[in-house]
Amino acid sequence: VKAVDGVDIEIGEGETVGLVGESGCGKSSLGRTMLGLEDATAGSVYYDGVDLTELSESEMRPYRTDLQFIFQNPFASLNPRLTISDIVGEALDIHGLAEGQEREERVEELLEIVGLQASHASRYPHEFSGGQRQRIGIARALAVDPDFIVCDEPVSALDVSVQAQILNLLEDLQEEFGLSYLFIAHDLSVVEHIADKIAVMYLGEVVEFGTTEEIFSPPYHPYTRALLSAIPEPDPLWDGDRVILEGNVPSPIEPPSGCKFHTRCPIARDECAEFDSHPNLENVGGTHGIGCPFYEDVETEMG
């Protein structure tokens, strides 16, 4: 099974790249592999010119402070038996960054940075709301002064109003500390507000890549078009053209031949199943790449 198959993404300093796609397409696997939480079976992950996949555990340790992860479930990712002080301060202990009074002050500072109170340090995770728990997860990631953070659907389990607060917090932190993000989500409307560039993923492969403006301006890959049509409009009179994809996502154990999307694609041709592999991203201007040789027909055939 190739959970991630030939993905090539570059994330610049202070940049946010959004990674979107249906559940099970390999988004989280890619993020975890980039940070060494999963071992890559092939390929390379370069950070500051160093291939992280070639490093041993001891060689990787100095890079752990630069690379952090914010998990999707803000409750399951926090140890219910530890206080917030121990959860946030654990990284400080592991890397020997602070101890004693300095450690306590650093934990309190981090909590205040993410919008919580210093007095919350003595509480336990079950005493907080979902949004507050995600703020704790963010504080934990910030504890070691990272440069790059993988945000694995950090707002998908939160109410819409709380989602906006967390997104604003992440943007403020990025501006203050110069952070780079890989922001994983399945909701393009969320990614539109935070990402500089967007990669659209289907069954382990990137089918479209470009700046946020390029992705939200025609032409689109037919899969991206379907994702965009699913974004609800806050207008009761809106009668948009919803693109309903037929069938289910194919099994990664037995992926389709040729273009993996052709079994559900509204504009598929007979030759789509005959390609030697998935079509490479064709540059259509700027940084915009589309992995479909018939992308010019999307507008006319899908509306």
Side-chain angles (χ1 to χ4, degrees), residues 1-9 17-34 37-43 45 72-73 150 152-153 156 182-191 197-210 215 218-232 241-282 284 288-303:
V1 175
K2 292 185 177 180
V4 180
D5 189 5
V7 171
D8 187 4
I9 293 179
V17 172
L19 184 63
V20 300
E22 293 172 286
S23 297
C25 70
K27 304 187 300 297
S28 295
S29 295
L30 175 60
R32 295 176 66 88
T33 303
M34 290 174 69
L37 300 180
E38 300 285 351
D39 293 331
T41 55
V45 179
Q72 177 178 0
N73 189 326
V150 173
D152 187 8
E153 302 203 34
S156 64
L182 175 68
F183 191 93
I184 299 172
H186 59 267
D187 188 343
L188 269 168
S189 63
V190 170
V191 175
K197 297 176 181 177
I198 296 176
V200 182
M201 199 169 185
Y202 182 81
L203 210 61
E205 298 177 339
V206 172
V207 297
E208 186 165 6
F209 182 84
I215 293 295
Y220 313 123
H221 187 283
Y223 178 60
T224 308
R225 191 75 168 208
L227 292 179
L228 288 170
S229 76
I231 299 176
D241 295 324
R242 179 75 168 90
V243 179
I244 306 296
L245 298 178
E246 298 181 358
N248 298 316
V249 179
S251 169
I253 298 176
E254 295 183 8
S257 60
C259 173
K260 293 180 180 178
F261 184 59
H262 84 268
T263 58
R264 306 172 68 200
C265 181
I267 66 168
R269 311 289 196 268
D270 291 341
E271 54 262 45
C272 293
E274 300 172 0
F275 296 137
D276 293 335
S277 61
H278 189 280
N280 294 324
L281 296 183
E282 179 180 346
V284 295
H288 197 183
I290 300 179
C292 175
F294 309 110
Y295 69 87
E296 293 179 337
D297 299 329
V298 169
E299 188 71 29
T300 56
E301 297 191 29
M302 295 182 66

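Keep in mind it's a predicted model, so treat the numbers as computed, not measured. The figures here come from the full heavy-atom set of this structure, side chains too, leaving out hydrogens, waters and symmetry mates.
Nearest approach of Val298 to Pro222, heavy atoms of both residues: CG2-CD, 3.8 Å. Here the shortest heavy-atom pairing between Val191 and Phe183 reads CG2-CD2, 4.2 Å. Minimum heavy-atom separation, Ile290 to Val284: CD1-CG2, 4.1 Å. The nearest pair of heavy atoms linking Phe294 to Ile267 is O-CD1, 3.6 Å. Pro266 and Val243 make their closest contact through CG-CG1, 4.4 Å (heavy atoms, listed as atom of the first residue, atom of the second, distance). Here the shortest heavy-atom pairing between Ala199 and Ile9 reads CB-CD1, 4.0 Å.
Contact check for Pro256 versus Leu203: side-chain heavy atoms found under the 4.5 Å cut-off. Looking at Tyr220 and Glu208, their side chains come closer than 4.5 Å, going by heavy atoms from C-beta outward. With a 4.5 Å cut-off on side-chain heavy atoms, Leu37 and Val150 do not count as touching. Put simply, the side chain of His262 does not reach to within 4.5 Å of the side chain of Arg269, judged on heavy atoms. Side chains of Tyr202 and Pro250 form a contact here, defined as non-hydrogen atoms less than 4.5 Å apart. Residues Pro279 and Val207 form no side-chain contact, since every pair of their non-hydrogen atoms from C-beta on lies 4.5 Å or further apart. A heavy-atom distance below 4.5 Å is not found between the side chains of Asn73 and Glu153. Within the 4.5 Å cutoff, side-chain heavy atoms of Ser156 are placed close to those of Gln72.
Interatomic distance, SG of Cys292 versus NE2 of His278, reported as 8.0 Å (0.5 Å rounding). Taking OG1 of Thr263 as the reference point, atom CD of Glu246 lies at 10.5 Å (rounded to 0.5 Å). Atom-to-atom distance recorded for Glu38:CD and Leu30:CG is 11.5 Å, nearest 0.5 angstrom. A distance of 9.5 Å separates CD in Glu205 from CG in Leu281, rounded to the nearest 0.5 Å.
Partner of Ile184 under the side-chain contact (heavy atoms from CB on, under 4.5 Å) criterion, out of Val20, Leu19, Val17: Leu19 alone.
For the side-chain hydrogen bond (donor to acceptor under 3.5 Å, both in side chains) test, no residue two or more places apart in sequence or in another chain qualifies with Ser29.
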Evaluation steps, side-chain contact (heavy atoms from CB on, under 4.5 Å), between Phe209 and Asp8: CA-CA 10 Å; Phe209 182 84; Asp8 187 4; over 6 Å; no

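One N or O on the side chain of Lys27 and one on the backbone of Glu22 form a donor-acceptor pair closer than 3.5 Å.
Centroid-to-centroid, the aromatic rings of Phe261 and His221 come within less than 6.0 Å.
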